[in-house]
Amino acid sequence: MRNPALHHAKLPTVTLGRLFIYASLIAMAALYLMPLWVVLLTSFKTTADIRTGNLLSLPDVWVLDGWLKAWSSACTGVSCNGISGYFINSSVMVLPAVAISTLLGALNGYVLSMWRFKGSELLFGLLLFGCFIPFQVILLPMAQTLGWLGIANTTAGLVLVHVIYGLCFTTLFFRNYYQALPGEIIKAARLDGAGFFTIFWRIVLPLSRPIIMVTVIWQFTAIWNDFLFGVVFSAGDNQPMTVALNNLVNTTTGAKEYNVDMAAAVLAALPTLLVYFVAGKYFVRGLTAGAIKG
Amino acid sequence: MTSLSICNVGKQYHKGATTLENINLEIRSGEFLILVGPSGCGKSTLMNMIAGLEEVSSGQILLNDHDITHAPPAARDIAMVFQSYALYPNMSVYDNIAFGLQIRKWPKSDIETEVQRVAKMLQIDHLLSRKPAQLSGGQQQRVAMGRALARRPKVYLFDEPLSNLDAKLRVEMRTEVKKLHQRLGTTIVYVTHDQIEAMTLADRIAVMKDGVIQQLGTPQEIYQSPNNLFVASFIGSPAMNFIPVTVERNDQGLFVQLSDSGGQRLNVPLRADLPATVGQELILGLRPEAITEVQPHRLSQADTFQGQFMVEMTEPTGPDTLTLLRINQREVTARIAPQANPQAGHSLALMLDASQALFFEPSSGERLRASPQQRIA
């Protein structure tokens, strides 16, 4: 680089164009953050404050009433125990659903890329097709299947639904990631005497950390945020958080308590936010790593 | 004692393409056999079949007279060094070498001793705690060899192990592989497309093309009496010169004619036992080292000719200067001592040693041999 240019770059040059770019970026960010802003502010207000104040104004007094009520005493339909129980329901459902679908996806991907058999490409194609099946299509047959299996309206049933539906995605992720692993490593391990599962546990899985992160985030977000399967395949005390949130918002006894609704919404979104903060960097990294090599 | 027999082995893929046809090879105990050929000739497929990584379509593979044709790789007691080294990236060097032993449930202390022994032998004992990504190409290569050595298998397979190294390191490792073989006396099957590697390392070479073994023999046999045009052109660097000629007869018998740049004719006699007829078109093969500067003491030998040649280009390599000239209007490479000072655009007196000339049948590519025909293949 020539010297004048270097010198130039050091000075803070505020041109009209640059100003425009920053202004647009800030405006866009503000636009996207606005709902979160409103939700958070409203959740700390009192009901009186909400009625009299402006949507964007700060609370007159910061109170936790909305949060406490949402957590432990708000009414969701007939029961009035808040959403804490449903929060636990969702956790108990999401953890095994994510773990099982991720593990099975890894195993599927391993077979489909390293242990090809006649028709394995066709099978993968069909699995891929599963990614494009809308939720609504499988509701009735799935309800019937769960009935046959005797796990209708149970957490186990909901876990099964999510595992089956998620398998297409997790298999796709792992298969494409493993496609980029050198096949000679597997050959070497076979000559070293390792079998199918030894190779999987000792060599393939330890190399899968980035794609495991991607899959876990993807599955966790999808399953935690799912409403349709939750509302259809569970009932009463087994319902997940999202369904409870809906019930809470739709249950009106007297005045509408927006602060409770908002607090409950933030509580419902908290786990997915947390997962993104903790593992988000792996998400982009894992996805692009696969994209470049594959 | 370990011997490996490959009997009538063939490989067909589902789509009907035949990759290998009736391969027959006897690999003796302690022998260093090299499979060499251009890419796509089936040499890697053959090696994978020996390792058990690819199904054998027909024929048999015997290891010490045991049929291992359809045995899984783990049951064969064969180790392989891959072109990409195929080290386990998640494991340390120690674990890479120990992995096969752990799978075979060796006691921990034995594993420790064995890994140390192998690491010392390959001079990688200071690297045992590193991960493969922290090693140079040459070091990774040594770890890959260590992994194979640690199991003390019956047969070692090397699949183009030196191809990923830079030129200098490749020559070093080549020497190392040969030393290792001499020290341990192991049975090795080694695949390469590099004919110099094949010549320098092998006890015997199998030259392959299009799924067929063209010739099997010692490096000298392959070099001096190639079976056909393919083997003659594939082995040797720079490649053998090929000059189309027509058989003629004079009172001394059959001969073919070469002409130098001045139009002077050199009559190269055909050995009487070669099955050639007057008027037959042949291809005369002459290695670059058979065309040299004039060595007066050799001129009196039979089948040695002198001629004047116009030098078109020179490539000094140090010990020799490769010189481009024309015989019968064909471009030909000669290997000339630098002292003779060949210079492009100048005429130079050169000597042809026609006793080294080989004759090939143009349509089949087969070498003309003294009848009855014997084939080594």
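When reading the values below, keep in mind they use all heavy atoms of this one structure, side chains included, and skip hydrogens, waters and symmetry mates. Sequence lines set the chain letters: A, B, ... in the order given, protein chains first and strands last, and positions in each chain run from 1.
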query: If you count the non-hydrogen atoms of other residues, nucleotides and ligands that lie under 6.0 Å from CH2 in A:W201, is the total more than 12?
result: no
query: Measuring heavy-atom distances to chain A, does B:D95 have an atom under 4.5 Å in its side chain, in its backbone, in both, or in neither?
result: neither
- prompt: Quick one: CD on A:E184 to CE on B:M80, what's the gap to the nearest 0.5 Å?
  reply: 7.0 Å
field: Approximate separation, where rounding is to 0.5 Å, of B:Q102 CD and A:T198 OG1
entry: 11.5 Å
- request: Answer yes or no: does atom CZ of A:R18 have more than 12 heavy-atom neighbours from other residues, nucleotides or ligands under 6.0 Å?
  value: no
task: Count the heavy atoms of every other residue, nucleotide or ligand shown that sit under 6.0 Å from CG of A:L140, and state whether that count exceeds 12.
output: no
- prompt: Taking all non-hydrogen atoms of both residues, which atom of A:R190 and which atom of B:G52 are closest, and how far apart?
  reply: NH2-O, 3.9 Å
field: Residue part contacting chain A, namely of B:L101, when any heavy atom lies under 4.5 Å
entry: neither
query: Atom CG of A:L191 and atom CZ of B:R151: how far apart are they, to the nearest 0.5 Å?
result: 6.5 Å
task: Rounded to the nearest 0.5 Å, what's the gap from CG on B:N90 to CZ on A:R202? Could you check?
output: 8.5 Å
- request: State plainly whether the residues A:D192 and B:R104 are in salt-bridge range, i.e. N to O under 4.0 Å.
  value: no
- prompt: Got A:I203 and B:M91 here, is their nearest side-chain heavy-atom distance under 4.5 Å?
  reply: yes
statement: Greatest number of non-hydrogen atom pairs under 4.5 angstrom with chain B, of A:P182, A:G193, A:G195, A:G183, falls to A:G193
- request: Look at atom OH of A:Y22 and say whether more than 12 heavy atoms of other residues, nucleotides or ligands are closer to it than 6.0 Å.
  value: no
- prompt: Should we count CZ of A:F117 as having more than 12 external heavy atoms under 6.0 Å?
  reply: yes
- prompt: Are any of the side-chain heavy atoms of A:I185 and B:S84 separated by less than 4.5 Å?
  reply: no
- prompt: Is a donor on one side and an acceptor on the other found under 3.5 Å between the side chain of B:Y88 and the backbone of A:A189?
  reply: yes
query: Atom CD1 of A:I199 and atom CD1 of B:I103: how far apart are they, to the nearest 0.5 Å?
result: 8.0 Å
